[in-house]
Amino acid sequence: MTPKVAKRGGSFKGAAAYYLHDKGADTNDRVAFCVTRNLPVEEPELAWRWMAFTAKHAGILKHDAGVAKSGTRMRKPVYTLSLSWHPEDNPAPDFMVRMMDTALAKIGLSNCQTLLVAHNDTEHPHIHAIVNLVDPDTGKIVKTGRDYEKLSRWALGYEREQGTIRCQQRVENMERRDRGEWVRDTTSLTRQDIEQARLIEREILRARRETLWERQVAERDALKAQAEEQAQAIRAELKERYRPEWAALFKKQRQDARDVANAKRSVLAAMRVAIKERRRLTPDGRAGIGTILAYGISARALGDALKEAGERESAALRQKMADDRRRMVKEVWDGFGRDLQALRESQARERKAPLSREEAEDNRQRAALEAALEKRRARHAEEAREADKERPGGQAAGREAKREAAPHRQEQARQPEQSRQQKRGPVRLNLPKLGDPTEPPPLDEKTRRREELKAEFRRQAEEIARRRKERGRKDRDRDRER
């Protein structure tokens with residue numbers, strides 16, 4: 001079992017809106033059940049309103065209970081606690097409620113107004129408690145000092161009773177606390193760390209997608225360029241294949257020009273040319289005696305007929321060459337279409353399960369970097385403890401010295417500022433020397449990119465905080481002018 005205390009808040013409405021609904025929606029499918037404690041109502045929507053009303057009228061409760069109205073009103077009375085179990089434990093709802101009641105009693109909140117909400121949206125069963133820190137009887141604020149340590153010790157005792165230790169780190173932390181060492185949680189992530197990690201993952205995935213998309217586009221372009229190159233090669237091949245036929249056709253047309261020139265000299269020569277080229281003189285190739293005599297008498301008509309015959313032959317050869325080119329190029333582009341479809345399907349599968357090898361490499365590098373940082377933190381903590389031991393009396397002596405020096409500080413506060421500055425010498429801080437941190441392993445390009453994204457995230461967060469401050473100052477100035 002793992003207890004977790006969230007950061008305190010000032011809005012019961014906001015806490016109820018988060019725990020009583022699904023994430024980012026108005027539905028409440030993830031809510032398994034709700035239970036109230038120290039409240040006159042059972043409905044969750046009325047429970048948080050009752051707690052908000054109690055916190056708002058804490059002064060009236062103090063007056064009725066005879067408690068002095070000292071101090072300022074607590075701005076963050078919302079205390080939230082969660083208990084989660086391992087998926088194999090599978091606790092019953094009554095058992096979860098009973099364990100939450102026990103946990104609240106361990107930190108002194110059993111008399112506070114509480115709304116218990118159980119969720120079923122994860123594999124591990126868990127229950128949340130929304131607590132009002134304003135005592136409903138006296139109106140005073142209930143103290144929750146050392147709640148983390150108390151809950152951790154109680155959870156460890158629970159696991160020992162069950163006979164199964166789920167968190168070994170908790171056992172080590174308790175042993176160190178029992179030895180008098182100060183231990184804090186260094187494994188849990190803050191919201192800023194989580195957002196930063198999400199931003200880094202988004203940037204890494206975006207870079208991967210861009211790289212993958214560029215490579216896939218290059219593969220498709222290369223396939224298209226290959227098809228175009230094959231089509232161009234086919235055109236060049238057909239041109240060489242039909243070169244002899246074109247040469248023979250041009251030679252025949254030059255011979256026709258010479259025959260027509262000879263036919264203009266005599267009718268007999270024209271008749272011989274008409275008889276020799278009788279199949280070419282008509283489009284259907286059936287020239288009769290009358291046609292031959294007509295062309296034999298008129299050399300000009302014979303020349304026109306032979307010229308038309310040459311044009312028909314050129315058009316026929318050109319059409320034959322175009323048909324062959326169209327057929328062969330079509331085969332090339334049909335093959336390109338099949339290859340492109342297969343390539344698109346393989347690329348789609350690659351996009352759905354991208355780069356598992358690179359992800360494993362990134363995880364390995366991330367683990368190595370985290371190990372180096374953890375080693376650095378451990379070394380700093382060890383040096384700090386060694387330096388603390390070398391101090392005379394340790395922390396207790398330091399507190400005693402502060403108490404002894406309190407009257408002297410009060411006396412100094414009564415003196416003028418100038419004399420106090422004259423008596424005060426140079427300030428020397430007795431801080432432990434941590435030494436140079438252990439250098440992490442050399443960073444590759446991806447890790448360097450990750451560090452740059454972290455720096456950019458911090459810069460954006462500082463810019464947002466600065467803008468918020470400026471906006472708040474402008475609003476105050478506007479209200480002052482009004």
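All of these numbers come straight from a predicted model, not from anything done at the bench.
Residues E219 and Q347 share a closest heavy-atom pair of OE1-NE2, 2.9 Å. Residue M96 comes nearest to A118 through the heavy atom pair CE-CB, 4.5 Å, listed as atom of the first residue, atom of the second, then distance. Of all heavy-atom pairs between L156 and M174, the closest is CD2-CG, 3.5 Å. When all heavy atoms are compared, the tightest approach of A103 to L83 is CB-CD1, 4.2 Å. In terms of heavy-atom proximity, T144 sits nearest to L133 at CG2-CD2, 4.0 Å. Pairing each heavy atom of L20 with each of P44, the nearest pair is CD1-CB, 3.7 Å.
Between R170 and E159, at least one side-chain nitrogen of the basic residue sits less than 4.0 Å from a carboxylate oxygen of the acidic one, meeting the salt-bridge criterion. Contact check on R166 versus D89 returns a salt bridge, with a Lys/Arg side-chain nitrogen under 4.0 Å from an Asp/Glu carboxylate oxygen. A salt bridge does not link R338 with D334: every distance from a Lys NZ or Arg NE/NH1/NH2 to an Asp or Glu carboxylate oxygen is 4.0 Å or more. Salt bridge R176/E172: absent, no basic N to carboxylate O contact under 4.0 Å. Ion pairing between D323 and K320 fails under the 4.0 Å rule for side-chain N and carboxylate O.
Every side chain to side chain donor-acceptor pair (under 3.5 Å) that R243 has, sequence neighbours left out, goes to E240. Applying the side chain to side chain donor-acceptor pair (under 3.5 Å) rule to N28 yields no partners; only residues at least two apart in sequence or on another chain are considered. Scanning for salt bridge (Lys or Arg N to Asp or Glu O under 4.0 Å) contacts around R325 gives an empty result, with sequence neighbours left out.
For Y79 and D147, the side-chain atoms include at least one donor-acceptor pair closer than 3.5 Å. With no hydrogens or angles considered, no side-chain donor-acceptor pair links T36 and Q113 at under 3.5 Å. Side chains of R146 and S152: no donor on one and acceptor on the other come within 3.5 Å. Looking at R258 and Q255, their side chains do bring a donor and an acceptor atom within 3.5 Å of each other.
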Test side chain to side chain contact (heavy atoms under 4.5 Å, CB included) applied to L223 and L343, step by step: CA-CA 9 Å; L223 187 62; L343 179 62; 4.2 Å; yes

Intermediate values then yes/no, side chain to side chain contact (heavy atoms under 4.5 Å, CB included), I127 and V117: CA-CA 6 Å; I127 185 172; V117 183; over 6 Å; no

W246/R318 under side chain to side chain contact (heavy atoms under 4.5 Å, CB included): CA gap, chis, key distance, verdict: CA-CA 9 Å; W246 281 107; R318 192 180 300 109; 4.1 Å; yes

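Within the 3.5 Å criterion, the main-chain N or O of V332 finds no donor-acceptor partner in the side chain of Q230. In terms of modelled atom types and a separation under 3.5 Å, the side chain of H119 and the main chain of H128 share no donor-acceptor contact. Put simply, the side chain of W50 never gets that close to the backbone of A47: no donor and acceptor are under 3.5 Å apart.
The shortest side-chain heavy-atom distance between W154 and I107 does not fall under the 4.5 Å cut-off. Looking at V78 and N132, their side chains never come closer than 4.5 Å, going by heavy atoms from C-beta outward. Counting heavy atoms from C-beta on, the side chains of W333 and L340 never come closer than 4.5 Å.
Judged by the 6.0 Å and 45° rule, R220 forms a cation-pi pair with W213. Stacking of R30 on the aromatic ring of Y18 is recorded, both the 6.0 Å distance cut-off and the 45° axial limit being met.
Between H86 and H124, the ring centre distance reaches or exceeds 6.0 Å.
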